[in-house]
Asker: 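Sharing a structure below in C-alpha cells format, with a few things to ask.
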Amino acid sequence: MSENVIIKTSKLVHTYPTGVTALKSVDVEIKENEVVSIVGQNGSGKTTLVRHFNGLLKPTEGNIYLHGKDVTSQSVSQLSKEVGYVFQNPNHQIFSTTVRGELEVGPHNFQFSEQEIAKAIKEVSELMKIEEDLEKHPLTLDYTTKKIVTIASVLTFRPRILILDEPTGGLDQAGREILTKIIQMMKERGHTVIMISHDMDYVAENSERIIVMSQGRIIKEGAPQEVFLDEEILKQAQIEPPQIMQLDFALDVRKKRSTISVQDFVKKYKAQFPKQEGE
Amino acid sequence: MNNPIVEFKNFSYIYPKTEKIVLDGINLSIYEGEFVGIIGCNKAGKSTLCQSMVGVLPHLLGGKWDGDVLVDGINLGETKGAGATDVIGIVFQDAESQFTQETVEDEIAFAMCNFGYERSVMRERIISAATDCGLIDMLDRSPFKLSGGQQQRLAVACILALQPRVIILDESTSQLDPIGRDEVFNLVAKLHQQGRTIIMVDHNVEKIAEYVEKLVVMDKGKIILADKAEDAFQKMEFLEQFNIRVPQVTEACLKMKECLEIDKAPIKLENAIQLLQIKLEGTNFE
Ligand SMILES: Nc1ncnc2c1ncn2[C@@H]1O[C@H](COP(=O)(O)OP(=O)(O)OP(=O)(O)O)[C@@H](O)[C@H]1O
Ligand SMILES: Nc1ncnc2c1ncn2[C@@H]1O[C@H](COP(=O)(O)OP(=O)(O)O)[C@@H](O)[C@H]1O
Ligand SMILES: [Mg+2]
Ligand SMILES: [Mg+2]
C-alpha cells in the first residue's frame with residue numbers, strides 16, 4: 001500500500017471575484033490509491049477546494065502540487081487528463097447533443113484511437129447501465145440520469161484521480177450500488193477517488209478517510225469511526241452520523257468501537273441475546 | 001370526508017417525442033392537511049407525478065395524456081393547467097433552473113409578486129424565509145453564485161415565503177448538509193401543523209419515516225403501495241424487490257425480530273432507542 005502523496009495543497013486561499021473568501025489557508029494531502037470523502041456544511045468550501053485540483057480554479061494565495069510538482073507549471077489539458085472532475089450540477093457539464101457524443105468528448109480530446117473510444121464507451125455504458133440512452137439527447141433525460149451520464153463521461157478517459165462532487169444526491173439504491181462498483185474499480189486499478197457527499201450512510205460505508213470542512217477550513221481528518229465520534233466537530237460542521245450509529249451510541253455508552261453499517265449493528269447486538277432455539 | 005385537495009383519476013402520461021408510458025393509470029387522493037412522502041427508485045415517475053399536479057405536465061410541456069388531475073376541485077384538463085399554482089407551490093428537483101433574478105432577495109420576492117402582497121408583508125416574509133433557510137447574510141448575492149446546497153436552500157425559501165396551501169418538495173434536500181436537511185423537514189412540519197398539505201419526494205427514508213404520515217411508493221409509473229408510513233416500512237422484503245430501502249433502524253430491528261420478540265419494527269430513531277433499551281436492560285456489552 002503506497003503512502004505516496006498524490007495531491008497536496010499548501011496554505012491555499014481562494015477569494016471569488018465577488019469578494020467571498022471560500023478557502024482560508026487549507027493544507028491537505030491526498031494519498032495515491034485512497035478513497036477519501038470530503039464532508040461539511042453547505043458553503044464550507046468543498047467544491048471550491050476540489051476545483052483547484054484539476055485547474056478549474058486558480059489559487060488566490062498558496063500552492064497546489066500534483067505528484068510533488070506545482071500545478072501552475074502544468075497545462076490545463078494535462079491536468080484534466082489526470083484528474084477527472086464530475087460537476088455537482090450536471091447541467092454545467094453537458095454540452096453534446098447525444099449521450100454518446102458526451103462520452104466521446106474526453107477520450108477524443110486526449111487522442112484515444114477510434115477503437116479505444118468505442119471500447120471505453122461500451123465498457124462504461126454497460127457498467128453504468130446507460131446503453132439504452134446512448135443515442136438520446138441529454139436534455140430529454142431526467143436529472144439523475146444526467147448525473148450518471150456526467151460520471152460516465154469522465155470515466156471514459158480513465159483519469160487516475162476521480163473527483164465526484166455530490167454524486168449520491170438524488171441517486172437511488174441501484175445508483176448507489178453502481179457508484180460503489182466504480183469506486184472499487186478505481187481502487188483495484190490503483191487509482192484515487194475523492195468524493196464530496198452529504199450522505200453520511202454512504203460516506204461511512206464507502207470511504208477510508210474523511211476530511212471535514214467548516215467555513216473554508218479543514219477541521220478534522222480521520223477514519224469514519226473516529227470522525228463520527230467527535231461530537232464537537234460534528235456540530236461545528238453541521239453533520240450527523242448515520243442513523244444506525246446514532247442508535248448504537250444511544251445504547252452503548254462506552255462509544256468505543258462504533259458500528260458503521262446495519263450489518264455490523266445486527267451482529268453486535270444479536271450477540272447480546274441468549275441463543276434462540278434452532279440457531 | 002372532505003374532497004381531496006389533489007386527486008388523480010386514472011391518469012396516464014407520455015412525454016413528447018417518446019413512447020414510454022411514464023405514468024400508468026394513477027389513482028391517488030391527497031387530502032388537505034396531510035403530510036405525504038413519495039418514494040421510489042430513479043425514473044419511477046415521481047417528478048413527473050409532481051409536475052402534473054401543477055399543470056406543467058401536460059399543459060406546458062405537451063405529450064400524450066389520459067384521465068384527470070383535479071386540484072381543489074378544478075379539473076386541470078379543462079383549464080389547461082390554470083389554477084393549480086394558486087393552490088400548490090413546488091420546488092423542482094433541479095433548483096437552479098428555476099432562478100430568474102439577479103439577487104437572492106429578488107428571487108424570493110419574485111415568487112410572491114404574482115399574488116399581490118403588500119410591500120411590508122413581502123419584506124417580512126422574505127426576511128423570515130431567508131433566516132429560516134440560513135440565507136439572511138446573502139440577500140444581495142446572485143442566485144447563480146451560490147454553492148449547490150445554498151441554491152437548494154434558496155429554492156425552498158421561495159416556497160416558504162409564498163406559503164401556499166400545498167407544498168411539494170421534489171428531492172429538495174438532496175444536496176443539503178444533514179443539519180440543513182433536518183431544518184427543512186422541521187420547517188415544513190411546522191407549516192403542516194398550521195394546516196398546510198405537504199408532499200415530499202426524498203430518497204432519505206430515515207427522514208421520511210421521521211416525518212410523514214402517509215407513504216406513496218412508486219415503480220415504473222405505477223403506485224405500488226400507499227399506506228401509513230409505519231405500516232408501509234414493515235414490508236422490507238417487498239420494497240427490496242423494487243430497490244427501495246427501509247430506515248436503518250427498521251432494517252436492524254426487523255433483522256433481529258426473533259431476539260426482540262416483536263411483530264412490528266419501529267421506523268423512528270427515538271422509538272428504536274426506547275425499544276432496545278428495554279430489551280437490553282442489564283446488558284453490559286462484555
Ligand atoms: N461562482 C461563485 N462566485 C462567488 N462565490 C461563490 C461561487 N461559488 C461558490 N461561492 C461561495 O463560496 C463559498 C464556498 O462555496 P462552495 O461551492 O465551495 O461550497 P460547498 O462546500 O461545495 O457547498 P455545498 O455543500 O452547498 O455544495 C460559499 O460561500 C459560496 O456561496
Ligand atoms: N423531459 C423529459 N423528456 C422525456 N422523458 C422524460 C423527461 N423527464 C423524465 N422523463 C422520463 O420519464 C420517466 C420518469 O422520470 P421522473 O419522473 O423524472 O422519475 P423520478 O422522479 O421518479 O426519478 C423516466 O423514464 C424518464 O427518463
Ligand atoms: Mg459543493
Ligand atoms: Mg425525480
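The chains referred to below are lettered A, B, ... by the order of the sequence lines, with proteins before strands, and numbering in each begins at 1.
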Asker: Between atom CD of B/Gln175 and atom OG1 of A/Thr168, what is the distance when rounded to the nearest 0.5 Å?
Answerer: 9.5 Å

Asker: Does any backbone or side-chain atom of A/His137 lie under 4.5 Å from a heavy atom of chain B? Answer side chain, backbone, both or neither.
Answerer: neither

Asker: Of the backbone (N, CA, C, O) and the side chain (C-beta and beyond), which part of B/Pro16 lies under 4.5 Å from a heavy atom of chain A, both, or neither?
Answerer: neither

Asker: Rounded to the nearest 0.5 Å, what's the gap from CG on B/Asp170 to OH on A/Tyr143? Could you check?
Answerer: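 The distance works out to 11.0 Å.
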
Asker: Pick one of side chain, backbone, both or neither for B/Lys207, based on which atoms fall under 4.5 Å of a heavy atom in chain A.
Answerer: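 When you check distances to chain A, only side chain atoms of B/Lys207 fall under 4.5 Å.
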
Asker: Please report the shortest heavy-atom distance between B/Gly148 and A/Gln88, naming the atom on each side.
Answerer: CA-NE2, 3.5 Å

Asker: What are the two closest non-hydrogen atoms of A/Gly170 and B/Ser174, and how far apart are they?
Answerer: N-CB, 3.8 Å

Asker: How long is the span from the NZ atom in B/Lys17 to the NZ atom in A/Lys136, to the nearest 0.5 Å?
Answerer: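 NZ of A/Lys136 is found 14.0 Å from NZ of B/Lys17.
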
Asker: Using heavy-atom distances under 4.5 Å, tell me whether A/Thr47 contacts chain B through its side chain, its backbone, both, or neither.
Answerer: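 Neither part, no heavy atoms under 4.5 Å.
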
Asker: For the pair B/Lys43 and A/Asp133, find out whether any cationic side-chain nitrogen is under 4.0 Å from an anionic carboxylate oxygen.
Answerer: yes

Asker: Please round to the nearest 0.5 Å and tell me the distance separating atom CD of B/Glu251 and atom CD1 of A/Ile244.
Answerer: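 B/Glu251 CD to A/Ile244 CD1: 7.5 Å, rounded to 0.5 Å.
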
Asker: Looking only at heavy atoms and a cut-off of under 4.5 Å, which of A/Val39, A/Leu171, A/Leu234 has the most pairs with chain B?
Answerer: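 Most heavy-atom pairs within the cutoff with chain B belong to A/Leu171.
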
Asker: Do you know the tightest heavy-atom contact between B/Ser147 and A/Gly43?
Answerer: OG-N, 3.5 Å

Asker: Between B/Arg245 and A/Glu177, does any side-chain N to carboxylate O distance fall below 4.0 Å?
Answerer: no

Asker: Heavy-atom pairs under 4.5 Å with chain A - which of B/Lys279, B/Gln93, B/Glu171 has more of them than the others?
Answerer: B/Gln93

Asker: Which residue pairs pass the salt bridge (charged side-chain N to carboxylate O under 4.0 Å, His left out) test when at least one of the two sits in residues 90-104 of chain B, sequence neighbours left out?
Answerer: none

Asker: Relative to chain B, which segment of A/Pro242 carries a heavy atom at a distance below 4.5 Å: side chain, backbone, both, or neither?
Answerer: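 Both the backbone and the side chain of A/Pro242 come within 4.5 Å of chain B.
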
Asker: So for A/Gln243, is it side chain, backbone, both, or neither that comes closer than 4.5 Å to the heavy atoms of chain B?
Answerer: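 Both backbone and side chain of A/Gln243 come within 4.5 Å of chain B.
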
Asker: Which heavy atom in A/His198 sits nearest to a heavy atom in B/Arg181, and how many Å separate them?
Answerer: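 Closest pair (atom of A/His198, atom of B/Arg181, distance): O-NH2, 3.7 Å.
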
Asker: Shortest non-hydrogen contact from A/Ala250 to B/Ile273?
Answerer: CB-CD1, 3.5 Å

Asker: Go through the atoms of B/Asp182 and report whether side chain, backbone, both or neither lie under 4.5 Å from a heavy atom of chain A.
Answerer: side chain

Asker: Kindly compute the distance separating CD (A/Gln41) from CD1 (B/Ile179), expressed to the nearest 0.5 Å.
Answerer: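 Spacing of CD (A/Gln41) from CD1 (B/Ile179) equals 10.0 Å.
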
Asker: So what's closer than 4.5 Å to chain A heavy atoms on B/Glu240: side chain, backbone, both or neither?
Answerer: neither

Asker: Is it the side chain or the backbone of B/Lys255 that comes within 4.5 Å of chain A heavy atoms, both, or neither?
Answerer: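 Looking at B/Lys255, backbone and side chain both touch chain A.
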
Asker: Relative to chain B, which segment of A/Asp165 carries a heavy atom at a distance below 4.5 Å: side chain, backbone, both, or neither?
Answerer: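 When you check distances to chain B, no heavy atom of A/Asp165 falls under 4.5 Å.
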
Asker: Can you tell me if B/Asn243 uses its side chain to pair, donor with acceptor, with the backbone of A/Gln173 under 3.5 Å?
Answerer: no

Asker: Using a 6.0 Å cut-off, check whether atom NZ of A/Lys267 has over 12 heavy atoms from anything other than its own residue.
Answerer: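 Not buried by this count: 12 neighbours or fewer within 6.0 Å.
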
Asker: Roughly how far, to the nearest 0.5 Å, is the CZ atom of B/Arg141 from the OH atom of A/Tyr16?
Answerer: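 Nearest 0.5 Å value for the OH-CZ distance: 9.5 Å.
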
Asker: Would you name the heavy atoms of B/Asn42 and A/Asp172 that are closest together and state the gap between them?
Answerer: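 Closest approach of B/Asn42 to A/Asp172, heavy atoms only: N-OD2, 2.6 Å.
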
Asker: Mind checking which of residues 129-137 of chain B sit less than 4.5 Å from chain A, heavy atom to heavy atom?
Answerer: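 At a heavy-atom separation under 4.5 Å, chain A is reached by no residue of residues 129-137 of chain B.
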
Asker: Hey, mind stepping through A/Phe273 and B/Met256 against side chain to side chain contact (heavy atoms under 4.5 Å, CB included) and telling me if it holds?
Answerer: CA-CA 10 Å; A/Phe273 290 92; B/Met256 298 169 56; 3.8 Å; yes

Asker: Would you check, one step at a time, whether the test side chain to side chain contact (heavy atoms under 4.5 Å, CB included) holds for B/Glu206 with A/Asp201?
Answerer: CA-CA 11 Å; B/Glu206 282 78 17; A/Asp201 307 0; 4.0 Å; yes

